[in-house]
Amino acid sequence: IAGILVLLNSVLMLLELEIEGGVIGKELGMRTDSARLSDWQPVFRFLDGCFVFIFLIELLIRIGLERRRVLSDVAFWFDAFLVIAGM
């Protein structure tokens, strides 16, 4: 399940970058049709917050289940860094 969530989060970031690129392309005169970023920004912020919350819950569950073993797990510390950076 965690892998699917990471994939969905990646797709969400890809869509956000695509819209931002379209806006920049329009400003440079390279595109004539582009979605307005301000229309989509609240949606992206909400969904990003949902993903951060889900990943935080997953991290807390791992701490609860594995206790001290997570302290020596490099992947745990990387995940923790990403969740904290996302907050």
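We number each residue from 1, following the sequence as shown. Predicted, not measured: the structure shown is a model, and the values here were computed from it.
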Side-chain (Trp77) to main-chain (Leu71) donor-acceptor, under 3.5 angstrom =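 Yes, the answer is positive, given that a donor and an acceptor are paired below the 3.5 Å cut-off.
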
Please report the shortest heavy-atom distance between Val52 and Val83, naming the atom on each side.
->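 It is CG1-O, 4.1 Å.
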
For residues Leu12 and Asp48, report the shortest heavy-atom separation together with the two atoms involved.
->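 Result for this residue pair: CD2-N, 4.1 Å.
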
Just verifying a value: how many Å separate [X] [atom1] and [Y] [atom2], rounded to the nearest 0.5 Å?
X     : Y     : atom1 : atom2 : value
Asp79 : Ile84 : CG    : CD1   : 11.0 Å
Leu56 : Ile61 : CG    : CD1   : 10.0 Å
Glu20 : Phe44 : CD    : CZ    : 8.0 Å
Ile24 : Ile19 : CD1   : CD1   : 12.5 Å
Arg45 : Cys50 : CZ    : SG    : 14.0 Å

Grouping I, L, V, M, F, W and Y whenever their side-chain heavy atoms are under 4.5 Å apart, do [X] and [Y] come out in a common cluster?
X     : Y     : value
Ile57 : Leu65 : yes
Val6  : Leu60 : yes
Leu82 : Phe53 : no
Val74 : Phe55 : no
Met87 : Phe51 : yes

Are more than 12 heavy atoms, taken from residues, nucleotides or ligands other than [X], located less than 6.0 Å from that residue's [atom1] atom?
X     : atom1 : answer
Ile4  : CD1   : no
Glu66 : CD    : yes
Ile1  : CD1   : no

Side chain to side chain contact (heavy atoms under 4.5 Å, CB included) evaluation trace for Arg62 with Phe76 | CA-CA 9 Å; Arg62 281 179 54 195; Phe76 167 79; 3.2 Å; yes

